[in-house]
There are 2 protein chains.
Amino acid sequence: MTQKRSRADAQTRMMRLDQIAAQLKGEDPCTVDDLARTHGVSRRTIARDLEIMRAQGMPIEAERGRGGGVRMDVNWGVGRLNLSYAESVDLLISLAVAEQMNSPLFLAQMGSIRRQLIASFSKEKRRAVQGIKKRILIAEHASLPVQTSMGQPKPRVVQTLHQAFLNQKLVEIDYVREDGAKSKRTIAPQYLLLCSPVWYVLAWDHLRDAPRTFRCDRIQRATEGFEKFSLQDAKVFEPALDHYNVL
Amino acid sequence: MTQKRSRADAQTRMMRLDQIAAQLKGEDPCTVDDLARTHGVSRRTIARDLEIMRAQGMPIEAERGRGGGVRMDVNWGVGRLNLSYAESVDLLISLAVAEQMNSPLFLAQMGSIRRQLIASFSKEKRRAVQGIKKRILIAEHASLPVQTSMGQPKPRVVQTLHQAFLNQKLVEIDYVREDGAKSKRTIAPQYLLLCSPVWYVLAWDHLRDAPRTFRCDRIQRATEGFEKFSLQDAKVFEPALDHYNVL
DNA sequence: AGTAATGCGCCGTTTTATGTCCTATTTGTT
DNA sequence: AACAAATAGGACATAAAACGGCGCATTACT
């Protein structure tokens, strides 16, 4: 018999596997027949596809007999994320913050998420993330109430600071001291410290050549520089770190 | 010329694509030659693989000429997560909690993560998640300091409660009132309320046929039942919800 | 017993992924 | 300017996969 086969695009099987997975995530079980029809291939092929998907670890179950069909555990593989580096770090921190306030009802699964996330990194990235985690501190929950902040820090500033911290780049900032005095500085953001609502930057001030601490909401402007800084100067801060939890 | 080809397992190409992706995530650029050697295929094949990966949207760039090579944007695709339903919900809540305490330094990316996460749901799941989000309340940050809890709730209890809440299943619990009186109840967990460190369950007590509120850390034992409950009874709680932020 | 579903083995056919050549192009080095 | 090292990609033959179709075993519901 003549067997017509139209090649759709490229890698037919891979695409079909994805589509089948998506289809199976729907609530009701499909029959192999349905799948075969919707994809324009034979039952046999679908069967082989399912074999492959099972081999790849997807929890695909089938029920034989009338009323049966192919199902995938509905609670599997919802939530496919593809995060950028910055997003990943954010997420790790966010998880840590959420865990910090010990409200363990919904945090049962957090460990699993963190493990998956870390496992998905390459070796180099993993090391990098480890390094960054050491540079983020979280104060005890019941800390002294901070004086009312000057409003939210500006998103632009936040983003720049964020970038520079991750990339170990120097930053130029305009800072307003508590007494209102303004100053321009070039700093190397070594550590970040979260005291419940307020972030602090423990940095080496390259103009004054001394360690300084800045409140993020008092930074008016921030410009990322091109020069990378080393973590050597960070040692100055180490004695102070014992009071805080490291991420 | 004889062309030896050893079939590795199944779907050789898919596996190779994954491996190449992982390899490319490493910092330094590989040459096509390297890739060909490490995978035991020809340069041409690797080239074709790269074509495919590009077609799939991976940001793979190549630099021609001496000293060139194939690179992938290092900040792409770090962080591949495949979350279960429960994990997804946890994550959403965790993000919300982290956002609640307005420490916006590292939360710039959170919106993006949440959007990705929600986008990855199927329609049905998305609706379900929307429903669940409405059933989780978060109290204002500066709430009255709660009396010291009785220690952490038991992990077993937490997990059961968690499941039952998500699946809208009735739960049997052993509860200890503040005055020490113990009781057995069958409840329908309609809402969850987080007052900073303590979770409360707003539930319909099916034995007393009346709404009740329970502190999670006072629940001694929990068993998930088979009977699903409807959200009809939840209306009783609605007037009380205005005081809290809905997730 | 009949029916509707999966599971799986076998075989012949079609498609495609691969290897081997080849050329063009870009780019840094000598 | 010449050379070397890299990617990009075309052409062609071929072995290996993917596929379709068939049949039979199995399972569960009516």
Side-chain angles (χ1 to χ4, degrees), chain A residues 1-21 23-24 26-56 58-73, chain B residues 1-21 23-24 26-56 58-73:
Chain A
M1 179 183 283
T2 52
Q3 302 177 27
K4 270 192 283 181
R5 262 201 286 170
S6 65
R7 167 175 179 187
D9 305 34
Q11 333 99 281
T12 16
R13 172 158 258 164
M14 276 188 60
M15 291 187 49
R16 202 176 48 235
L17 290 184
D18 279 352
Q19 288 171 8
I20 291 176
Q23 210 162 338
L24 252 43
E27 300 298 331
D28 25 49
C30 327
T31 68
V32 174
D33 254 324
D34 289 339
L35 290 170
R37 225 170 307 123
T38 54
H39 290 96
V41 296
S42 71
R43 276 194 297 279
R44 188 67 187 83
T45 300
I46 294 290
R48 279 187 280 241
D49 287 344
L50 295 178
E51 271 180 49
I52 291 176
M53 294 172 77
R54 287 202 191 89
Q56 289 187 348
M58 301 188 191
I60 295 173
E61 296 153 28
E63 280 181 20
R64 297 175 138 181
R66 173 177 269 183
V70 185
R71 290 180 302 104
M72 181 158 56
D73 181 355
Chain B
M1 181 181 284
T2 53
Q3 302 179 30
K4 269 192 282 183
R5 262 201 288 171
S6 65
R7 164 171 178 184
D9 307 32
Q11 333 100 280
T12 15
R13 171 157 260 165
M14 279 189 60
M15 290 187 49
R16 201 177 48 234
L17 291 184
D18 279 352
Q19 287 170 9
I20 291 176
Q23 211 162 337
L24 253 42
E27 301 299 330
D28 26 49
C30 329
T31 68
V32 174
D33 254 322
D34 289 339
L35 290 170
R37 224 170 305 123
T38 53
H39 290 96
V41 296
S42 70
R43 276 195 298 279
R44 191 69 186 82
T45 300
I46 294 290
R48 279 186 280 242
D49 286 347
L50 294 177
E51 268 179 53
I52 292 176
M53 294 171 79
R54 288 203 190 90
Q56 289 188 348
M58 300 189 191
I60 294 174
E61 294 154 30
E63 280 181 19
R64 297 175 135 183
R66 173 175 266 178
V70 185
R71 290 179 303 103
M72 181 157 56
D73 180 358

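In this text, all values refer to a predicted model and were calculated from it rather than measured experimentally. Proteins get letters first, then strands, A, B, ... in listed order; numbering begins at 1 in each. Worth knowing before you read on, the calculation uses all heavy atoms, side chains too, and leaves out hydrogens, waters and symmetry mates.
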Could you pull out every donor-acceptor pair under 3.5 Å between side chains of residues 63-72 of chain B and any protein atom, sequence neighbours left out?
{"residue": "B:Glu63", "atom": "OE2", "partner": "B:Arg71", "partner atom": "NH2", "Å": "3.3"}
{"residue": "B:Arg71", "atom": "NH2", "partner": "B:Glu61", "partner atom": "OE1", "Å": "3.3"}

- [ ] Taking all heavy atoms of A:Leu35 and all of A:Cys30, pick out the closest pair and write down the distance.
- [x] CG-CB, 4.2 Å
- [ ] Would you name the heavy atoms of A:Ser42 and A:Ala36 that are closest together and state the gap between them?
- [x] C-CB, 3.9 Å
- [ ] Go through residues 62-73 of chain B and report each residue with a non-hydrogen atom lying under 4.0 Å from DNA chain C, sorted by number.
- [x] B:Arg64, B:Gly65, B:Arg66
TODO: For DNA chain C, determine which residues of residues 32-43 of chain B have any heavy atom closer than 4.0 angstrom to one of its atoms, and list them numerically.
DONE: B:Gly40, B:Val41, B:Ser42
Open item on the list: Using five base pairs at each end to define the local axes, how bent is the helix from C:dA1-D:dT30 to C:dT30-D:dA1, to the nearest 10°?
Closed with: 40°
Task: side-chain contact (heavy atoms from CB on, under 4.5 Å) evaluation trace for A:Arg16 with A:Thr45 - done: CA-CA 11 Å; A:Arg16 202 176 48 235; A:Thr45 300; 3.4 Å; yes
Roughly how many Å is it from [atom1] in [X] to [atom2] in [N], rounded to a whole number?
X: B:Met15; N: C:dT18; atom1: CE; atom2: C1'; answer: 17 Å
X: A:Asp49; N: C:dT6; atom1: CG; atom2: C1'; answer: 15 Å
X: A:Ile20; N: D:dA18; atom1: CD1; atom2: P; answer: 13 Å
X: B:Met53; N: C:dA17; atom1: CE; atom2: P; answer: 16 Å
X: A:Ile46; N: D:dC19; atom1: CD1; atom2: C1'; answer: 11 Å
X: A:Met14; N: D:dA17; atom1: CE; atom2: P; answer: 17 Å
X: B:Ile52; N: D:dG9; atom1: CD1; atom2: C1'; answer: 14 Å
X: B:Ile60; N: D:dA6; atom1: CD1; atom2: P; answer: 19 Å

Check nucleotides 8-10 of chain C against the protein and report each pair of N or O atoms closer than 3.5 Å, with its distance, or say if there are none.
{"residue": "C:dG9", "atom": "N7", "partner": "A:Arg44", "partner atom": "NH2", "Å": "3.4"}
{"residue": "C:dG9", "atom": "O6", "partner": "A:Arg44", "partner atom": "NE", "Å": "3.0"}

Listed partners of [X] passing side-chain hydrogen bond (donor to acceptor under 3.5 Å, both in side chains), at least two apart:
X: B:Asp34; answer: B:Thr31
X: A:Asp18; answer: none
X: A:Arg37; answer: none

TODO: Quickly, which of A:Ile20, A:Asp49, A:Leu24 forms a side chain to side chain contact (heavy atoms under 4.5 Å, CB included) with A:Ile60? Name it, please.
DONE: A:Leu24
- [ ] Report the distance from atom CZ of B:Arg48 to atom CD of B:Glu51, rounding to the nearest 0.5 Å.
- [x] 8.0 Å
TODO: Return the set of residues passing side chain to side chain contact (heavy atoms under 4.5 Å, CB included) with A:Thr38 (not counting sequence neighbours), or none when no residue passes.
DONE: A:Gln23
Task: By salt bridge (charged side-chain N to carboxylate O under 4.0 Å, His left out) - contacts of B:Arg43 (at least two apart) - done: B:Asp33
Open item on the list: Within the structure provided, determine whether A:Met14 and B:Leu17 are in side-chain contact (heavy-atom separation under 4.5 Å).
Closed with: yes
Task: Phosphate OP1/OP2 of C:dG19: any B:Thr45 side-chain N/O under 4.0 Å - done: yes
